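Reading through the structure tokens given below for one structure.
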Protein chains: 2
Amino acid sequence: MSSSDVDTGIVLRSDCPSRPVFDQIGDKWSVMVMAVLLERPSRFNAIKRRLEGVTQRVLTQTLRRLERNGMIERRVLPTSPIGVEYSLTPLGRSLREPLGQLYDWAVARADEIRAHQLDYDRRLQS
Amino acid sequence: MSSSDVDTGIVLRSDCPSRPVFDQIGDKWSVMVMAVLLERPSRFNAIKRRLEGVTQRVLTQTLRRLERNGMIERRVLPTSPIGVEYSLTPLGRSLREPLGQLYDWAVARADEIRAHQLDYDRRLQS
DNA sequence: CGGTATCCCACATGATACTG
DNA sequence: CAGTATCATGTGGGATACCG
């Protein structure tokens with residue numbers, strides 16, 4: 001897959017070290033949460049308000065997973081009532097470049113992909 | 001997320017045009033199938049043999065989805081018994097660059113991520 | 001060879017209610 | 001405010017058997 005590992009086969013193994021990253025990226029809210037935190041560190045409900053449709057439970061799960069993977073940091077604020085601020089770690093911020101490239105590609109090709117989908121679905125009807 | 005859309009909010013919408021791409025990449029076998037086809041066009045069972053653990057049913061599903069998104073092409077060979085060859089389309093091949101960048105990042109950071117996971121899990125015990 | 005057809009289960013996601 | 005607890009459900013993935 002990479003410029004140097006195209007034919008090594010490492011990417012072909014289910015336990016390839018890149019799996020955790022691809023899995024994290026594949027889930028529904030992770031990338032959007034990181035996009036929010038890329039703008040500025042934010043508190044739980046602030047993130048929730050930016051992500052229309054996410055539930056408390058699912059947002060918590062997403063944040064925990066990102067935290068476990070070292071992408072974000074959780075900081076309890078000494079306020080009353082207590083507040084919790086989430087922010088990207090240097091590791092999480094460093095994901096911005098490759099993820100941005102992929103995002104740009106996806107947006108640039110979105111119409112082409114959509115056309116393929118419609119064409120494929122239309123063929124099934126006939 | 002992208003260099004130009006960091007704060008536009010488009011990436012924050014569930015119907016962001018980049019979703020199909022992130023979803024496809026997130027699933028278990030898609031990236032590996034594309035890695036195989038990046039080396040050379042291959043027939044169904046040839047792909048299956050390279051991907052230890054995948055079942056016929058799931059490989060078929062993966063190939064259909066990639067085909068629907070315009071990433072790969074399916075060609076029936078006029079042999080006996082019939083053969084089917086899958087290959088990357090130009091669109092699919094163009095995904096190699098951004099995906100390779102992400103893959104390189106993931107591999108380079110794998111140890112760091114693993115360390116964070118272990119640390120996180122250890123904290124839960126105590 | 002390259003598939004479908006069934007059945008099944010685990011897990012991601014979600015709705016709702018409750019709490020320190 | 002920022003969760004946890006509980007219950008429900010849809011879908012991805014897998015095992016197995018059969019087919020043109």
Side-chain angles (χ1 to χ4, degrees), chain A residues 12-16 19-33 36-37 41-69 72-87 120 123-124, chain B residues 12-16 19-33 36-37 41-69 72-87 120 123-124:
Chain A
L12 299 182
R13 302 184 49 85
S14 244
D15 60 342
C16 173
R19 282 310 313 178
V21 174
F22 284 103
D23 289 344
Q24 174 93 66
I25 285 173
D27 83 35
K28 192 169 178 180
W29 301 100
S30 286
V31 172
M32 284 187 277
V33 167
V36 169
L37 297 182
S42 308
R43 292 173 55 166
F44 186 88
N45 278 322
I47 300 172
K48 187 170 183 302
R49 275 188 296 273
R50 297 288 314 270
L51 269 37
E52 194 180 1
V54 73
T55 62
Q56 271 188 342
R57 174 182 149 79
V58 171
L59 179 55
T60 298
Q61 287 178 338
T62 304
L63 290 167
R64 291 290 175 276
R65 195 170 177 201
L66 285 167
E67 190 190 0
R68 190 176 107 96
N69 288 343
I72 68 175
E73 194 176 4
R74 180 181 184 273
R75 236 187 78 218
V76 178
L77 305 174
T79 57
S80 176
I82 64 159
V84 179
E85 188 185 74
Y86 292 92
S87 57
Y120 184 93
R123 286 176 204 270
L124 290 186
Chain B
L12 300 183
R13 302 182 50 84
S14 245
D15 59 342
C16 173
R19 281 309 311 177
V21 175
F22 284 104
D23 289 344
Q24 174 94 66
I25 285 173
D27 83 34
K28 192 169 181 181
W29 302 101
S30 286
V31 172
M32 284 188 276
V33 167
V36 168
L37 297 182
S42 307
R43 291 173 56 167
F44 186 88
N45 279 323
I47 300 172
K48 187 170 184 301
R49 275 189 295 273
R50 297 287 315 270
L51 268 37
E52 193 181 3
V54 73
T55 61
Q56 271 189 342
R57 173 182 147 82
V58 171
L59 179 54
T60 299
Q61 287 177 339
T62 303
L63 289 167
R64 292 287 175 279
R65 196 170 175 199
L66 285 168
E67 189 190 0
R68 188 176 108 96
N69 288 343
I72 67 175
E73 196 176 2
R74 180 180 184 275
R75 238 187 75 221
V76 178
L77 306 174
T79 56
S80 174
I82 64 157
V84 179
E85 188 184 75
Y86 292 92
S87 56
Y120 184 93
R123 286 176 204 271
L124 291 185

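First the proteins, then the strands, lettered A, B, ... as listed; each starts at 1. Keep in mind that this is a model prediction, so the values were computed, not measured. Side-chain atoms are counted along with the backbone in the values below, which use heavy atoms only and exclude waters and symmetry mates.
Residues B/Val36 and B/Ser42 approach most closely at CG1-OG, 4.1 Å, considering heavy atoms. Shown here for A/Asp23 and B/Gly26, the closest heavy-atom pair between the two residues is OD1-O, 4.0 Å. A/Asn69 approaches A/Gln24 most closely through the heavy-atom pair ND2-OE1, 2.6 Å. Here the shortest heavy-atom pairing between A/Gly83 and A/Arg43 reads CA-NH2, 3.4 Å. Of all non-hydrogen atoms in B/Tyr120 and A/Arg64, the two that sit nearest each other are OH-CD, 3.3 Å. Scanning all heavy atoms of the two residues, the minimum distance from A/Met32 to B/Arg19 falls at CE-NH1, 4.4 Å.
C/dC1 atom C1' lies 14 Å from atom CD of B/Glu85, rounded to whole Å. For A/Trp29 and C/dG14, the CH2 to C1' distance is 10 Å, given to the nearest whole Å. When rounded to the nearest whole Å, the span between CD1 of A/Ile82 and P of D/dG3 equals 7 Å. A straight line from CZ of B/Arg75 to P of C/dG3 spans 14 Å, rounded to a whole angstrom. A straight line from NZ of B/Lys48 to P of C/dC1 spans 11 Å, rounded to a whole angstrom. When rounded to the nearest whole Å, the span between CG of B/Leu124 and P of D/dT4 equals 11 Å. We find that CG of B/Leu51 is positioned 15 Å from P of C/dG2, with the value rounded to whole Å. Taking atom CG of residue B/Leu63 and atom P of nucleotide D/dG13, one finds them 13 Å apart after rounding to whole Å.
Comparing B/Gly83 and A/Pro81 by the nucleotide of DNA chain C whose heavy atom lies nearest to each, the residue mapping closer to the 5' end is B/Gly83.
Close to C/dG3, at under 4.0 Å from its OP1 or OP2, lies a side-chain N or O of B/Tyr86. Using a 4.0 Å cut-off, some side-chain N or O of B/Arg74 falls inside it from OP1 or OP2 of C/dG3.
Checked against A/Thr55 for a side-chain contact (heavy atoms from CB on, under 4.5 Å), the options A/Leu51, A/Val58, A/Leu59 give a single hit: A/Val58.
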Under-3.5 Å N/O pairs linking protein and nucleotides 4-12 of chain C:
unit_1	atom_1	unit_2	atom_2	d
C/dT4	OP1	B/Arg64	NH2	3.4

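In the set D/dG14, D/dG3, C/dT13, the nucleotide with an atom closest to the side chain of A/Phe44 is D/dG3.
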